[in-house]
Asker: 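Have a look at this one before I ask anything.
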2 protein chains.
Amino acid sequence: MRRDVFQAIADPTRRAILLLIAAQAMTPNALAEHFDTTRQAVSKHLRILTECELVKQDHNGREIYYRLEVTKMKEIDKWLDQFRKLWESRFNELDNVLLTIKNDKK
Amino acid sequence: MRRDVFQAIADPTRRAILLLIAAQAMTPNALAEHFDTTRQAVSKHLRILTECELVKQDHNGREIYYRLEVTKMKEIDKWLDQFRKLWESRFNELDNVLLTIKNDKK
DNA sequence: AATATAAGCAACTAATTGGTTGCACAAAAG
DNA sequence: CTTTTGTGCAACCAATTAGTTGCTTATATT
């Protein structure tokens with residue numbers, strides 16, 4: 001099972017779920033009300049999000065509250081870090097041109 | 001065609017391509033050498049990356065150099081911004097507990 | 001104890017995905 | 001002008017995905 005964070009956030013419904021529970025932990029039923037699908041479909045998304053540890057469960061009787069696991073979200077941020085220097089540099093465009101020219105000479 | 005940035009970076013090969021061309025613009029052939037697949041497969045990935053505007057082409061004779069479009073990468077960063085405040089706050093964990101309790105009372 | 005509610009799991013299905021091979025076309029090299 | 005090289009595109013295929021319906025289990029409610 002290839003459950004990585006990037007594959008998890010690829011689905012728009014899952015991104016919406018993450019946003020919702022970021023504001024407030026919710027049960028599958030409560031979440032399902034926000035979408036045009038069945039509760040089972042939402043449940044499946046939650047399973048995927050749980051498997052890659054983007055969300056955690058808080059059991060409360062027969063209800064299960066899903067909450068965002070912020071730590072895992074940082075993983076995406078960490079990946080972005082590799083590119084961040086590129087857009088923080090105002091010479092970004094120029095760099096690319098120079099690299100292309102250099103490559104041409106070979 | 002549902003070509004959004006998140007779906008594009010879901011594939012590990014595409015993420016690797018982005019990293020490679022971030023360092024230096026490259027042709028499909030040059031890129032394919034880095035992977036265990038055919039040139040056509042890489043070409044397909046490049047098409048997807050082009051469609052969602054994560055990469056741009058620089059034509060040079062019959063060669064096509066693909067370079068990273070940093071602007072589009074910022075879109076992911078912008079999405080992350082919605083969550084960033086959560087992990088920048090040291091009270092994050094506590095917040096979630098309080099929100100859950102609040103929800104219980106209803 | 002009987003019923004209603006919350007949630008997970010399994011089987012099935014349609015659509016999408018990542019890969020392949022084969023072909024077409026344009027530009028460079030002989 | 002013919003051949004080689006770089007690339008894109010289409011057709012096909014196996015695997016995965018997102019969704020469905022139906023069932024089971026566990027906790028509340030009456």
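Not measured: the values here are computed from a predicted model. Quick note on labels: first sequence line is chain A, next is B, and so on, each numbered from 1. Reckoned from all heavy atoms, side chains included, excluding hydrogens, waters and symmetry mates.
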Asker: Within less than 4.0 Å of OP1 or OP2 of C/dG8, is there a side-chain N or O belonging to A/S43?
Answerer: yes
Asker: Establish whether A/I48 and A/L20 are linked, either directly or via other cluster members, by ILVMFWY side-chain heavy-atom contacts under 4.5 Å.
Answerer: no
Asker: What distance separates A/D11 CG from A/L18 CG, expressed to the nearest 0.5 Å?
Answerer: 10.0 Å
Asker: With a 4.0 Å cut-off on heavy atoms, is B/Y66 in touch with a base, just the backbone sugar-phosphate, or nothing at all?
Answerer: sugar-phosphate
Asker: According to salt bridge (charged side-chain N to carboxylate O under 4.0 Å, His left out), who are the partners of B/K44, at least two apart in sequence or on a separate chain?
Answerer: none
Asker: Ignoring hydrogens and angles, are the base of D/dT7 and the side chain of B/R62 linked by a donor-acceptor pair under 3.5 Å?
Answerer: no
Asker: Want to settle it: does A/D36 or A/G61 sit nearer the 5' end of DNA chain D, counting the closest nucleotide to each?
Answerer: A/D36
Asker: Nearest-Å distance, CD (B/Q57) to P (D/dG6)?
Answerer: 17 Å
Asker: Would you call B/E75 and B/K78 a salt bridge, taking side-chain N to carboxylate O under 4.0 Å as the test?
Answerer: no
Asker: Could you state the atom-to-atom distance from CG of A/D4 to P of D/dT17 in whole Å?
Answerer: 10 Å
Asker: Please report, rounded to the nearest Å, how far the C1' atom of D/dA18 is from the CD1 atom of A/I17.
Answerer: 12 Å
Asker: Expressed as a whole number of angstroms, how long is the span from B/D11:CG to C/dG18:P?
Answerer: 5 Å
Asker: If you check the A/R14 side chain, which of D/dA18, D/dT7, C/dA7 turns out closest?
Answerer: D/dA18
Asker: Considering only side-chain heavy atoms of A/H45, which listed nucleotide, C/dT17, C/dT20, D/dG19, is closest?
Answerer: D/dG19
Asker: Whole Å only: how far is the CG atom of A/N29 from the P atom of D/dA26?
Answerer: 18 Å
Asker: Between B/R84 and B/D77, is there a side-chain N and carboxylate O pair less than 4.0 Å apart?
Answerer: yes
Asker: Could you pull out the closest heavy-atom pair between A/D4 and B/A10, with the gap in Å?
Answerer: OD2-O, 4.4 Å
Asker: In whole Å, I'd like the distance from the CD atom of B/Q7 to the P atom of C/dA15.
Answerer: 17 Å
Asker: From the list C/dG18, D/dT17, D/dG19, which nucleotide is the closest neighbour of the side chain of A/T13?
Answerer: D/dG19
Asker: Separation of A/F6 atom CZ from C/dT17 atom P, in whole Å?
Answerer: 19 Å
Asker: Under 3.5 Å, is there a donor-acceptor pair between the side chain of A/R39 and the main chain of A/A32?
Answerer: no
Asker: Starting at CD1 of A/I64 and ending at P of D/dT25, how long is that distance when rounded to a whole Å?
Answerer: 16 Å
Asker: So if I take every side-chain heavy atom of A/K44 and compare against D/dT7, C/dA7, D/dG19, which nucleotide ends up nearest?
Answerer: D/dG19
Asker: Dump the pairs, protein N or O against N or O of nucleotides 21-25 of chain C, anything under 3.5 Å, distances to one decimal.
Answerer:
| from | atom 1 | to | atom 2 | distance (Å) |
| --- | --- | --- | --- | --- |
| C/dG22 | O6 | B/Q40 | NE2 | 3.0 |

